[in-house]
Amino acid sequence: MLEVAPDLLGCVVTHGSTAGVIVETEAYHFTEPACHAYVGVTPRTHVLHGPPGTAYVYRSYGIHALLNAVCEPEGVGAAVLIRALEPLRGEGEMRSRRGAGELANGPGKLTQALGIELTENATSLITGPIRIHEGERLPYVTGVRIGITKAAELPWRFCAIGSRDVSRPWPPGLMQAA
DNA sequence: CATGGGATTGACT
DNA sequence: GTCAATCCCATGC
């Protein structure tokens with residue numbers, strides 16, 4: 001999974017008529033307490049322990065939907081959180097859903113921009129409605145995961161170097177090769 | 001059945 | 001920098 005997370009950088013997420021390039025991810029694994037799968041298999045987390053290539057969408061703080069890609073084999077319980085996208089197609093549609101400001105430089109923002117909803121939890125990332133297809137591999141920097149209260153020191157955040165669409169705070173070195 | 005927490009965002013001091 | 005908003009669900013009585 002720590003290999004899948006950086007591999008996802010540069011991949012393209014498509015939903016409806018909108019699409020974006022992944023520029024930031026974070027890895028989560030059931031062996032560490034920040035991961036929802038840490039508590040074991042429950043109605044909420046069973047998808048995390050399910051087969052790879054599945055979307056895990058959940059609501060955070062009662063307001064935002066966050067998108068994950070389940071990656072390890074069935075029974076393992078791990079996922080990669082998609083934290084930021086660089087808009088590729090359907091920017092007008094994203095704009096109408098997001099209003100002014102950045103479109104997708106944050107995990108809650110990108111789901112709103114693409115129109116991804118909780119009902120799409122457990123759907124396939126191969127057959128849709130949300131689809132992820134391979135893209136070019138991007139150079140990246142690693143950083144500490146942000147926004148969490150448990151195991152926050154793990155360096156499992158991956159950001160594409162030079163992208164201004166990465167969520168803040170930008171990790172040191174992000175703009176080196178821009 | 002009641003309660004508390006959460007991988008966030010945006011507005012305000 | 002600080003703080004509230006708000007829904008799902010895991011946990012505990």
Side-chain angles (χ1 to χ4, degrees), chain A residues 1-9 11 13 15 18 20 22-50 52-72 76-87 94-123 125 130 132 140-160 163-171 174:
Chain A
M1 173 204 59
L2 289 179
E3 296 180 2
V4 175
D7 278 350
L8 278 174
L9 298 174
C11 290
V13 180
H15 185 252
T18 59
I22 300 173
V23 293
E24 181 180 0
T25 63
E26 270 178 14
Y28 287 88
H29 196 261
F30 76 99
T31 53
E32 44 91 12
C35 184
H36 291 171
Y38 181 72
V39 299
V41 180
T42 67
R44 179 192 195 182
T45 64
H46 80 278
V47 60
L48 286 173
H49 296 264
T54 307
Y56 169 55
V57 183
Y58 89 102
R59 187 172 296 290
S60 175
Y61 293 86
I63 304 173
H64 308 286
L66 274 57
L67 172 65
N68 298 252
V70 178
C71 56
E72 293 286 318
V76 174
V80 175
L81 168 69
I82 312 299
R83 284 194 60 85
L85 298 179
E86 182 177 323
M94 294 186 193
R95 178 68 61 195
S96 67
R97 281 194 283 248
R98 286 276 311 134
E102 299 298 323
L103 290 176
N105 66 330
K109 297 177 189 177
L110 73 88
T111 52
Q112 187 184 5
L114 296 198
I116 293 170
E117 297 178 30
L118 293 184
T119 54
E120 295 170 287
N121 185 30
T123 58
L125 292 171
I130 308 166
I132 294 183
Y140 63 91
V141 293
T142 60
V144 164
R145 293 185 298 181
I146 53 183
I148 57 178
T149 59
K150 291 173 287 198
E153 73 287 353
L154 290 173
W156 287 0
R157 183 184 182 211
F158 305 88
C159 304
S163 176
R164 58 181 175 76
D165 293 299
V166 167
S167 64
R168 293 185 182 165
W170 286 349
L174 181 71

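From a predicted model like this one, the values you see are computed outputs, not experimental measurements. Lettering follows sequence order; numbering is per chain, from 1.
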Stem list, DNA chain B (Watson-Crick or G-U pairing under 3.5 Å, at least 3 consecutive pairs): B:1-6 with C:7-12, B:8-12 with C:1-5

Selection residues 24-41 of chain A - residue pairs positive for salt bridge (Lys or Arg N to Asp or Glu O under 4.0 Å), sequence neighbours left out: A:E24-A:R83, A:E24-A:R157, A:E26-A:R83, A:E32-A:R145

All pairs passing salt bridge (Lys or Arg N to Asp or Glu O under 4.0 Å) where residues 101-123 of chain A contributes a residue, at least two apart: none

Please encode protein proximity along nucleotides 4-13 of chain C as a string of B, S and -, counting only heavy-atom distances under 4.0 Å. -BBB-SSS--

What is the distance from atom [atom1] of [X] to atom [atom2] of [Y], rounded to the nearest 0.5 Å?
X      : Y     : atom1 : atom2 : answer
A:T25  : A:M1  : OG1   : CE    : 10.0 Å
A:D7   : A:C71 : CG    : SG    : 10.5 Å
A:F30  : A:C35 : CZ    : SG    : 9.0 Å
A:L114 : A:L85 : CG    : CG    : 5.5 Å

Comparing A:K109 and A:A37 on DNA chain B - which has the more 5′ nearest nucleotide: A:A37

A:Q112: which residues meet the side-chain contact (heavy atoms from CB on, under 4.5 Å) condition with it, sequence neighbours left out? A:R98

Partners of A:Y58 by side-chain contact (heavy atoms from CB on, under 4.5 Å), sequence neighbours excluded? A:H36, A:R44, A:Y56, A:S60, A:L66, A:N68

NA contact type, A:Y56, heavy-atom cut-off 4.0 Å: base, sugar-phosphate, or nothing? base

Reckon A:R145 touches a base, only the sugar-phosphate, or nothing at all at heavy-atom distances under 4.0 Å? nothing

Check side chain to side chain donor-acceptor pair (under 3.5 Å) between [X] and all other residues, then give those that pass, not counting sequence neighbours.
X      : answer
A:D165 : none
A:E86  : none
A:H49  : none
A:T142 : none

Got A:H29 and A:Y38 here, is their nearest side-chain heavy-atom distance under 4.5 Å? no

Heavy-atom contact window of chain A on DNA chain B, given 5' to 3' at under 4.0 Å: B:dG6 to B:dG10

Could you identify which residues of residues 95-107 of chain A place a heavy atom less than 4.0 Å from some atom of DNA chain C, listed by residue number, or say none? none

